[in-house]
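As structure tokens, the structure follows; a few thoughts come after it.
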Amino acid sequence: MSVPNESDPAASLRAEAIDAMVAEALAAIAAADSTSALKDARLAHAGDRSPLALANRAIGAIPPADRKQAGQLLGAARGRVQKALAARTAEVEAAELTRVLAEEAVDVTLPVELHPAGAIHPITGLIDLMSDVFVGMGWEIAEGPELESEWLNFDALNIGADHPSRGETDTLFVEPVSNHLVMRTHTSPVQIRSLLERELPVYVVCPGKVYRADEYDATHLPVFHQIEGLAVDKGISMAHLRGTLDHFAQAMFGAGIRTRMRPHYFPFTEPSAEVDLQCFVCRGESVGNPDRPCRTCKSEGWIEWGGCGVVNPRVLRACGVDPDVYSGFAFGMGIDRTLMFRNNASDLRDFVEGDIRFSRMLKGVAR
Ligand code: PHE
């Protein structure tokens, strides 16, 4: 780089000296191949301390007569450098943009990893299906809390203090025990809640979780699901119960499927019965027919489905309903159990382990 001669200011203003400065500047600018290299070249050849800037300052030190020509020479020289800088800057920026576009290009046609979609749990699907059957008949869906008062879970349902189901081996009492709160052992307290809260007549189903101090194995879960039904109206009889259960069974298992009742005992219904479902796979043809065994009903022809009965007048009275005017029926089915035999799910643990493959496998089956 040619440095202006301090002792001879005119030296740096001679045409050859200026040409040399320009040539050097243009070479440096042409060689700069990045924005930062250009910045360095600009500083060195067009900055305040560049040879051309210093030469410009030397103008004041030469005889006034020479100043005009020197000024013109320098002005033209600095103009060439500025032009070269501008042109090179445009080239370098364009090249850098092209490079960035190429390097950071996104191929929008590449397959992307989609968020895996979830699946509706088969229990939820079956609850929806069951609820739809009743909503279709004009019934309502009722809800109740899973943490329930002992009175609603037992006393109001005519379950005496000495009833075995109250024992700690069956019921999960919640501390402090003096609060008399339990994890509901069945959905039947919703019968009481519905009667206390609603205007008569009442037609409700309540699907939901229930809790018992049970083992966790292939056929038991400490948390499972029931669907409770309650109808209270004038003139309700066991015949209405039968008709309702038959319709429910056919909607769930196919036209023509029958139900049967076997006498049983529940404190909150009188008379009470257990409901069996005609086997929807063999329709009873496997009974006494070793050539055609049926796995679903174990060749018994019937599958145990739930409990039912005519609402005990004591329950109606506990809810302020006059049993001389109103009567009702109630039923309760295990939803997990229903899913087991309806959809061939043999291990209850699959229901709670949260493996999405289980939900996908039964997708649509429960719908
Ligand atoms: N709550 C009973 C049970 O859990 C089922 C049931 C409901 C029976 C309604 C009769 C009427 O076993």
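Residue numbers run from 1 in the order of the sequence given.
Side chain of H240 to main chain of A231: no donor-acceptor pair is present (N/O by atom type, distance under 3.5 Å, no hydrogens or angles). Distance alone, capped at 3.5 Å, is enough to place a donor-acceptor pair between the D246 side chain and the T259 backbone. A donor-acceptor pair is defined here as one N or O able to donate and one able to accept, closer than 3.5 Å; no such pair exists between the side chain of R295 and the backbone of N344. Although no hydrogens or angles enter the test, the distance criterion places no donor-acceptor pair under 3.5 Å between the side chain of D276 and the main chain of R260. A donor-acceptor pair under 3.5 Å links the side-chain atoms of S237 to the main chain of A239, judged by distance alone. Remark: side-chain polar atoms of N343 are not paired, donor with acceptor, to backbone N or O of A345 under 3.5 angstrom.
In this structure, F248 and F134 have perpendicular ring planes: the angle between them is above 60°, well past the 30° mark. Using cut-offs of 30° and 60° for the angle between ring planes, the H264 and F266 rings count as tilted. Using the six-membered ring where Trp is involved, F341 and F280 have ring planes that are tilted, between 30° and 60° apart.
A pairwise comparison of heavy atoms in S299 and S286 identifies CA-OG, 3.1 Å as the closest pair. The heavy-atom pair separating I59 from R67 by the smallest distance is O-NE, 3.4 Å. Annotation for R283 and A255: closest pair NH1-O, 3.0 Å, computed over non-hydrogen atoms. Closest approach of D336 and H225 over heavy atoms only: OD1-N, 2.6 Å. A77 approaches I18 most closely through the heavy-atom pair CB-CG2, 3.4 Å. Of all heavy-atom pairs between P51 and A44, the closest is CD-O, 3.4 Å.
When side chains are defined from C-beta on, H121 does not count as touching L362, because their heavy atoms never get closer than 4.5 Å. Looking only at side-chain heavy atoms (C-beta outward), T89 and R42 come within less than 4.5 Å of each other. Here the side chains of D322 and L316 are not in contact, with every heavy-atom distance at 4.5 Å or above. Looking only at side-chain heavy atoms (C-beta outward), P222 and Y216 come within less than 4.5 Å of each other. For the pair F154 and S165, the minimum side-chain heavy-atom distance is below 4.5 Å. Side-chain contact between L126 and R342 is present, with at least one heavy-atom pair separated by less than 4.5 Å. Side-chain contact between L195 and L230 is present, with at least one heavy-atom pair separated by less than 4.5 Å. By the 4.5 Å heavy-atom criterion applied to side chains, P207 and S131 are counted as neighbours.
Cluster membership for M137 and I257, using ILVMFWY side-chain heavy atoms within less than 4.5 angstrom, is shared. Taking hydrophobic clusters as Ile, Leu, Val, Met, Phe, Trp and Tyr residues chained together by side-chain heavy-atom distances below 4.5 Å, I227 shares a cluster with F329. M130 and I141 fall within the same hydrophobic cluster, defined by Ile, Leu, Val, Met, Phe, Trp and Tyr side-chain heavy atoms under 4.5 Å apart, directly or through other members. No path of Ile, Leu, Val, Met, Phe, Trp and Tyr side chains, each step under 4.5 Å between heavy atoms, connects V315 with Y265, placing them in separate hydrophobic clusters. Put simply, V325 and V232 are part of the same group of oily side chains (I, L, V, M, F, W, Y) that touch within less than 4.5 Å, one to the next.
Around CZ of R258, the count of heavy atoms belonging to other residues, nucleotides or ligands within 6.0 Å does not exceed 12. Environment of CZ in R337: crowded, with over 12 heavy atoms of neighbouring residues, nucleotides or ligands closer than 6.0 Å. Heavy atoms of other residues, nucleotides or ligands lying less than 6.0 angstrom from CD of E353 number more than 12. Around atom CD of Q69, no more than 12 heavy atoms belonging to other residues, nucleotides or ligands sit under 6.0 Å away. Residue E215 qualifies as open at atom CD: its count of foreign heavy atoms under 6.0 Å is 12 or below. Counting heavy atoms of neighbouring residues, nucleotides and ligands inside a 6.0 Å radius, atom CG of D48 does not exceed 12 of them.
Here F351 and F224 keep their ring centres 6.0 angstrom or further from each other.
Taking SG from C282 and CZ from R292, the interatomic distance works out to 6.0 Å, rounded to the nearest 0.5 Å. A distance of 10.0 Å separates SG in C279 from CZ in F253, rounded to the nearest 0.5 Å. Interatomic distance, CG of L85 versus NZ of K39, reported as 13.5 Å (0.5 Å rounding). To the nearest 0.5 Å, the span separating CG on L339 from CG on D350 amounts to 10.5 Å. With rounding to the nearest 0.5 Å, the separation of CD in E24 from CD1 in I29 is 11.0 Å. Distance check: S188 OG to N158 CG gives 12.0 Å after rounding to the nearest 0.5 Å.
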Practice problem: Start with the C-alpha gap between R212 and D170, add the side-chain angles, then the distance that decides, and say whether salt bridge (charged side-chain N to carboxylate O under 4.0 Å, His left out) holds. | Solution: CA-CA 5 Å; R212 288 186 198 172; D170 276 331; over 6 Å; no
Quiz prompt | Evaluation steps, side-chain contact (heavy atoms from CB on, under 4.5 Å), between L245 and F331 | solution = CA-CA 9 Å; L245 291 176; F331 57 87; 3.9 Å; yes
Quiz item: salt bridge (charged side-chain N to carboxylate O under 4.0 Å, His left out) between R349 and D217: does it pass, once the steps are laid out?
Solution: CA-CA 6 Å; R349 288 169 295 196; D217 60 32; over 6 Å; no
Quiz item: After noting the C-alpha distance and the side-chain angles of R166 and E150, does the key distance pass the salt bridge (charged side-chain N to carboxylate O under 4.0 Å, His left out) rule?
Solution: CA-CA 9 Å; R166 287 224 194 186; E150 204 179 344; 3.3 Å; yes
Exercise. Begin with the C-alpha distance, continue with both residues' side-chain angles, and end with the deciding distance and a verdict on salt bridge (charged side-chain N to carboxylate O under 4.0 Å, His left out) for R262 and E274.
Key: CA-CA 5 Å; R262 279 177 294 107; E274 280 196 320; 3.3 Å; yes
Exercise. Evaluate side-chain contact (heavy atoms from CB on, under 4.5 Å) for M261 paired with M238, printing each intermediate quantity in order.
Key: CA-CA 11 Å; M261 291 179 182; M238 200 94 176; 3.8 Å; yes
Practice problem: For R88 and E91, run side-chain contact (heavy atoms from CB on, under 4.5 Å): C-alpha distance rounded to whole Å, both residues' side-chain angles, the deciding distance at 0.1 Å, then the answer. | Solution: CA-CA 5 Å; R88 187 68 187 143; E91 275 173 28; 2.5 Å; yes
Quiz item: Yes or no on side-chain contact (heavy atoms from CB on, under 4.5 Å) for L73 and L13, after CA distance, side-chain angles and deciding distance?
Solution: CA-CA 8 Å; L73 270 174; L13 290 168; over 6 Å; no
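For the residue pair T269 / N312, no side-chain donor-acceptor distance below 3.5 Å is found, with atom types taken as modelled. Counted by atom type alone, D233 and Y203 present one or more donor-acceptor pairs between their side chains at under 3.5 Å. T185 and N153 form a side-chain donor-acceptor contact under 3.5 Å, judged by distance and modelled atom types alone. Side-chain contact of T338 with W305: a donor-acceptor pair under 3.5 Å is present, judged by distance alone. Side chains of T35 and E96: a donor on one and an acceptor on the other come within 3.5 Å.
As a member of the Ile/Leu/Val/Met/Phe/Trp/Tyr network built from side-chain separations under 4.5 Å, L147 groups with L172, V174, L181, M183, Y211, V223.
For the side-chain contact (heavy atoms from CB on, under 4.5 Å) with V190, the lone residue among E143, R184, E197, E228 that qualifies is R184.
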